[in-house]
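See structure below.
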Amino acid sequence: MVARNIKTSLGHKGTDIETSATRELPEKRIDSVSLIYVPLHLGGPHKGTSMGPAAIRVQELAERIGKLGFKVASEKEINIPHSVCWWDQNSTAKCVPEITEVSVQVAEAVESAMDAGTIPITIGGDHSLAIGSIAGVSNYYRKRSEEFGLVWFDAHGDINTPDTSSSGNVHGMPLAVSLGHGDKRLTELFGYTPKVKPNRSVLVGIRDLDQPERDIINQSGITPFTIRDIDHLGLGRVTDLALGAMGHDVSGLHLSFDIDVIDPDTAPGVSTAARGGLNYRESHLALTLLAESQMLRSIDIVELNPAFDMRNKTAELAVELVLSCLGKRIL
Ligand SMILES: [Mn+2]
């Protein structure tokens with residue numbers, strides 16, 4: 001049994017973090033993955049995210065995972081309802097009935113992939129799919145009475161509710177939903193809420209927030225690391241701090257990685273780009289460090305929009321990032 005010590009302190013605006021974590025690493029490394037493709041666009045403003053899974057298949061994700069020494073146990077594509085959805089009478093959030101239907105399918109696929117002893121990798125598709133994937137992850141740990149940590153990489157907070165969102169787009173709400181805030185049809189999925197606890201959740205790379213989101217983040221109890229923190233401390237240290245912040249007693253980590261956390265010069269093929277993001281090397285470093293923690297148990301890669309991409313380079317980057325998550329190393 002190997003133990004890793006993380007001892008950190010960071011004075012953040014309004015937040016003091018002092019953590020010390022000793023983790024027991026799992027004896028046996030999981031060596032198979034399940035790929036879950038979610039060609040979802042109903043949560044965002046751009047239909048191009050529906051092409052994300054296709055673009056990633058073009059870059060041969062499954063084959064390259066195989067070359068890394070992992071077995072691809074299954075590949076599944078989630079059915080997205082054909083819909084021109086709009087605001088409904090029950091909520092100012094758009095397409096909630098459709099996204100609820102997708103969330104249930106995604107959750108069931110993720111949970112059964114984990115039950116089968118594989119790492120589910122959910123490929124989007126807009127970030128509203130994380131409502132389903134995190135529900136599936138939560139169901140998995142809940143029935144084992146175990147805790148899990150959530151690491152959310154994003155340029156945005158994704159923590160709006162129907163009351164605070166100016167667009168009504170659900171891809172700006174999935175973190176709020178997972179923490180138990182927002183439209184009840186989504187927060188109450190599978191009959192319980194929240195799906196993840198705020199003290200187990202970290203948000204990394206944020207730089208483009210709506211005003212209400214600032215207040216929600218400050219009051220939510222999650223641990224935020226802004227792009228300013230990354231500039232100040234370096235992403236390596238921020239990633240260590242993020243791992244320490246969720247406590248020493250989690251059984252696994254869920255990574256929800258929004259490709260828009262990366263700078264648009266490097267990753268132009270995203271739905272809602274924001275300047276000043278992670279560079280190519282930083283994004284690989286963060287995921288390599290998560291892989292080295294040996295705690296990563298489930299993954300989302302989201303918001304790829306091939307309609308805005310150049311020569312499929314963001315899809316290629318997304319595939320490389322998945323390989324880094326699975327422990328691809330230079331030496
Ligand atoms: Mn997002």
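When a residue number appears, it is its place in the shown sequence, counting from 1. FYI, side chains are in, hydrogens and waters are out, and symmetry mates aren't considered; it's all heavy atoms of this structure. One-based numbering, in listed order, for ligands and for the atoms of each.
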**OP:** Assign the ring pair H127 / W152 to parallel, tilted or perpendicular, where the plane angle (0 to 90°) is split at 30° and 60°.
**Re:** parallel
Is [X] salt-bridged to [Y], going by a charged N under 4.0 Å from an acidic O?
| X | Y | answer |
| --- | --- | --- |
| R57 | E77 | yes |
| D115 | K143 | yes |
| R200 | D249 | yes |

**OP:** Please round to the nearest 0.5 Å and tell me the distance separating atom CD1 of I123 and atom CG of L304.
**Re:**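 Interatomic distance, I123 CD1 to L304 CG, rounded to 0.5 Å: 9.0 Å.
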Original post:
For the side chain of K94 and the backbone of S167, is there at least one donor-acceptor N/O pair under 3.5 Å apart?
Top reply: yes
Original post:
Which residues and atoms, protein N, O or S only, are under 2.8 Å from the Mn ion (ligand 1)?
Top reply: H127 ND1, D154 OD2, D158 OD2, D258 OD2
